[in-house]
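Keep in mind that what you see is a predicted model, and the values were worked out from it rather than measured.
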Amino acid sequence: MDPALAALATGHGVATWYLDGQRRRVDVDPDVVRRVLGLLGVAADTPGQVRDALAAARRPGAGLPGTMVLRPPVTGQGRGGELPAAGVLCDEAG
C-alpha cells in the first residue's frame, strides 16, 4: 500500500491490515481503504487527493476526524485516556 494512503488511513482510524482467525496478517485492499475514507468524508481516490488530505490532517489545529469508533475495553484489560478535543458521544441508539 502507498505509504501516504496508509498514513492518511491511520490518521483517520482506518485499518490497513488485520489478523485473521489463524492470527495471520491480512492486508486490506487499497481500494477498500479509499472507500472507507470516502465514507468518512475524506477524498482519497487519486494520489493528489491523498496528498492534499494528508497535508490538511497534519495542519496545526486540524483536530480529530469527524467520526471515531471506539470499543469498550475487555473486562480486566481496560485502557484510559483523553481525547485531544471536545466531541459528541453517540451510542447505538443515537
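- For Ala53 against Ala43, the heavy-atom pair with the smallest separation is CB-O, 4.0 Å.
- Here the side chains of Leu8 and Leu37 are in contact, with some heavy-atom distance below 4.5 Å.
- Each side-chain hydrogen bond (donor to acceptor under 3.5 Å, both in side chains) pair with one or both residues in residues 34-52, not counting sequence neighbours, appears once here: Asp31-Arg34.
- Cluster membership for Trp17 and Val26, using ILVMFWY side-chain heavy atoms within less than 4.5 angstrom, is not shared.
- Ala44 and Val50 make their closest contact through O-CG2, 3.6 Å (heavy atoms, listed as atom of the first residue, atom of the second, distance).
- Taking all atoms of both residues into account, the shortest heavy-atom contact from Thr16 to Ala6 is CG2-CA, 4.2 Å.
- Among pairs with a residue in residues 6-21, those fulfilling salt bridge (charged side-chain N to carboxylate O under 4.0 Å, His left out) read Asp20-Arg24, at least two apart in sequence or across chains.
- Here the side chains of Asp2 and Pro47 are not in contact, with every heavy-atom distance at 4.5 Å or above.
- The minimum heavy-atom distance between Ala15 and Val33, with the atom names listed, is O-CG2, 4.0 Å.
- Linking ILVMFWY side-chain heavy atoms closer than 4.5 Å, directly or via other members, places Val32 and Tyr18 in a single hydrophobic cluster.
- Clustering ILVMFWY residues whenever any of their side-chain heavy atoms sit less than 4.5 angstrom apart, transitively, puts Leu19 in a cluster other than the one holding Met1.
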